[in-house]
Protein chains: 2
Amino acid sequence: MNGELEKRLKRLLSCRSYKEEDVGRYLRELRRFAQEVGDEESFRKMERFFKALADSTRLRIIKMLENRELCVCEVMAALDLTQTNASYHLNMLERAGIVKKTRRGKWVFYSLVKPEVTRLIDQIS
Amino acid sequence: MNGELEKRLKRLLSCRSYKEEDVGRYLRELRRFAQEVGDEESFRKMERFFKALADSTRLRIIKMLENRELCVCEVMAALDLTQTNASYHLNMLERAGIVKKTRRGKWVFYSLVKPEVTRLIDQIS
DNA sequence: CATAACAACATATTTAAATCTATAGAAACG
DNA sequence: CGTTTCTATAGATTTAAATATGTTGTTATG
C-alpha cells in the first residue's frame, strides 16, 4: 500500500471525525467510486469523440457540412488547406463517426452522419 | 491567386453546368461561406472547451465531481495520480470554466461550475 | 491502355499536450 | 517564527497530434 498517501488521507479525515482505522477503507472506497462512475472503455470512447471536436479547423468543417456536403477540394479551397491536411482532418472526423464519405466519380464528398452534433457544438458557443 | 486550386475547382464545376468564368467567384464564395459559419475567436473558445473534455482522466474526474466535491489528495488517491499530475488536470478543467476551487484551510476542494456539463458527456456515451 | 486528375497513405518534421522531478507558495500549528 | 503539510508552478522529458513532402491507389478519359 502507498503509505504516504494513506497518511495524507488520514490527516484529511481527522477533520471529519473519522476513526483512524477507517483510512484504509476510505482509500478503497475512493478507488471504487472512481470505478463506478464509468468503465475505462466508455471513457476512451468519449475521449476520442471529444478529441475530434477539439480542433477549430474540424469544428469549422462540421459547421459547413451542416449546410451542405463538400468534396475534399472544396474544403481545401474554403479553408486554405493542403490536400493532405484536408484529407487528414476529414479522416479524423470519419473515424470519430461524425462524417461519412461518398465517392462520385473522381470526387469524394463528405457529409454529416448525425446532424445532432451541431446542436452539441451550438450549446457551447 | 492559387492557379492550381482554381483549375481543380473549374473541373469540379464543369460537372455542374457552371460557366468557366464563374470559377473565381465560386472560390470567393467558398471562402466567404467558411467565414460565415463562425468567427475564429468563437471556434478557438469551443476548441479549448472540447480539449478539456478530450481526456479520459479528466472525464472521470468530472463524473466524480457530479456526485460530490473532492480535494486534490482525494483525486490523487481515487485515480492513482501524482500530486502534480492531479493539479495539472484540475487546473485544465478550471481554465476551461468547468470546475471551480475553494480553499478550506490547507485543503483545496474542487467542484463543478455547471453540472450541465455531465449531461453533455452522457449524451455521448 | 496510357495518361491525367482526385484523394489517400506513408514517412518525416514540427508543434503541442501529458507526465515527471524539483522547488516555491500558502496555511496551520507547535 | 520555524517547521510541517497541502497545493501550485517551473523546467525538463516523454508522448501524441498536426502539418508537410513524397508516393500510391482509383477513377475517368483520350
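Source: prediction; values computed, not measured. Letters A, B, ... mirror the listed sequences (proteins, then strands); counts begin at 1.
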Review point. If only side-chain N and O atoms of B/H89 are considered, is one of them under 4.0 Å from the OP1 or OP2 phosphate oxygen of C/dT19?
Key: yes
Check your understanding: Less than 4.0 Å between a side-chain N and a carboxylate O, is that true for B/R68 and A/E29?
Key -> no
Revision key, fill the gap. Residues at least two apart in sequence or cross-chain that pass salt bridge (charged side-chain N to carboxylate O under 4.0 Å, His left out) with B/D22, listed by chain then number, are B/R25
Practice item. Rounded to the nearest angstrom, tell me the gap between atom CG in B/L70 and atom P in D/dT7. Key: 11 Å
Close N or O pairs between protein and nucleotides 12-16 of chain D (under 3.5 Å):
none

Point to revise | For B/R8, all residues meeting side chain to side chain donor-acceptor pair (under 3.5 Å), sequence neighbours excluded | key: none
**Study point:** Net bend of the helix from C/dC1-D/dG30 to C/dG30-D/dC1, end axes of five pairs each, nearest 10 degrees
**Key:** 10°
Only pairs under 3.5 Å count here: list side-chain donor-acceptor contacts from residues 83-95 of chain B, not counting sequence neighbours, and write none if there are none.
from: B/Q83; atom 1: NE2; to: B/S87; atom 2: OG; distance (Å): 3.3
from: B/H89; atom 1: ND1; to: B/R58; atom 2: NH1; distance (Å): 3.0

**Study point:** Inter-residue atom distance A/C15.SG - B/R104.CZ, 0.5 Å rounding
**Key:** 11.5 Å
**Study point:** d(CE, B/M92; P, D/dA8) in whole Å
**Key:** 15 Å
Practice item. Please list, chain by chain and in numerical order, all residues satisfying side chain to side chain donor-acceptor pair (under 3.5 Å) with A/T57, sequence neighbours excluded. Key: none
Practice item. Flag the pair A/L70 / A/I61 as yes when at least one side-chain heavy-atom distance between them is below 4.5 Å, and no otherwise. Key: no
Revision key, fill the gap. Residues passing the side chain to side chain contact (heavy atoms under 4.5 Å, CB included) test with B/S42, sequence neighbours excluded, are B/D39, B/M46
Check your understanding: With no hydrogens and no angle check, is any side-chain donor or acceptor of A/R60 less than 3.5 Å from a backbone partner on B/G38?
Key -> yes
Point to revise | Interface residues of residues 52-60 of chain B with DNA chain C (non-hydrogen, below 4.0 angstrom) | key: B/D55, B/R58
Exercise for review: Measure from CD on B/E94 to C1' on D/dT7 and round the result to the nearest Å.
Suggested key: 12 Å
**Study point:** side chain to side chain contact (heavy atoms under 4.5 Å, CB included) partners for A/E36, two or more places apart
**Key:** A/R32
Review point. Could you state the OH-P distance from A/Y88 to D/dA20, rounded to the nearest angstrom?
Key: 12 Å
Point to revise | Nearest-Å distance for atom pair CG/P, residues A/N91 and D/dT19 | key: 14 Å
Point to revise | Neighbour count above 12 (heavy atom, 6.0 Å) for A/K10 NZ | key: no
Point to revise | Atom pair distance, as rounded to whole Å: CG in A/L93 and C1' in D/dA18 | key: 14 Å
Review point. How long is the line joining CD of B/E47 and P of D/dA17, in whole Å?
Key: 14 Å
Exercise for review: Using the test side chain to side chain donor-acceptor pair (under 3.5 Å), find all partners of A/Q123 that sit at least two apart in sequence or belong to another chain.
Suggested key: none
Table please: side-chain donor-acceptor pairs of residues 105-121 of chain A below 3.5 Å, with sequence neighbours left out.
from: A/T118; atom 1: OG1; to: A/E66; atom 2: OE2; distance (Å): 3.3
from: A/T118; atom 1: OG1; to: A/P115; atom 2: O; distance (Å): 2.8

Check your understanding: Counting only heavy atoms not in A/K45, do more than 12 fall under 6.0 Å of its NZ?
Key -> no
Practice item. Treat primed atoms plus P, OP1 and OP2 as sugar-phosphate and everything else as base, then score nucleotides 3-8 of chain C 5' to 3': B for base contact with protein heavy atoms under 4.0 Å, S for sugar-phosphate contact only, - for none. Key: --SSBB
Practice item. Measure from CG on B/N85 to C1' on C/dT19 and round the result to the nearest Å. Key: 6 Å
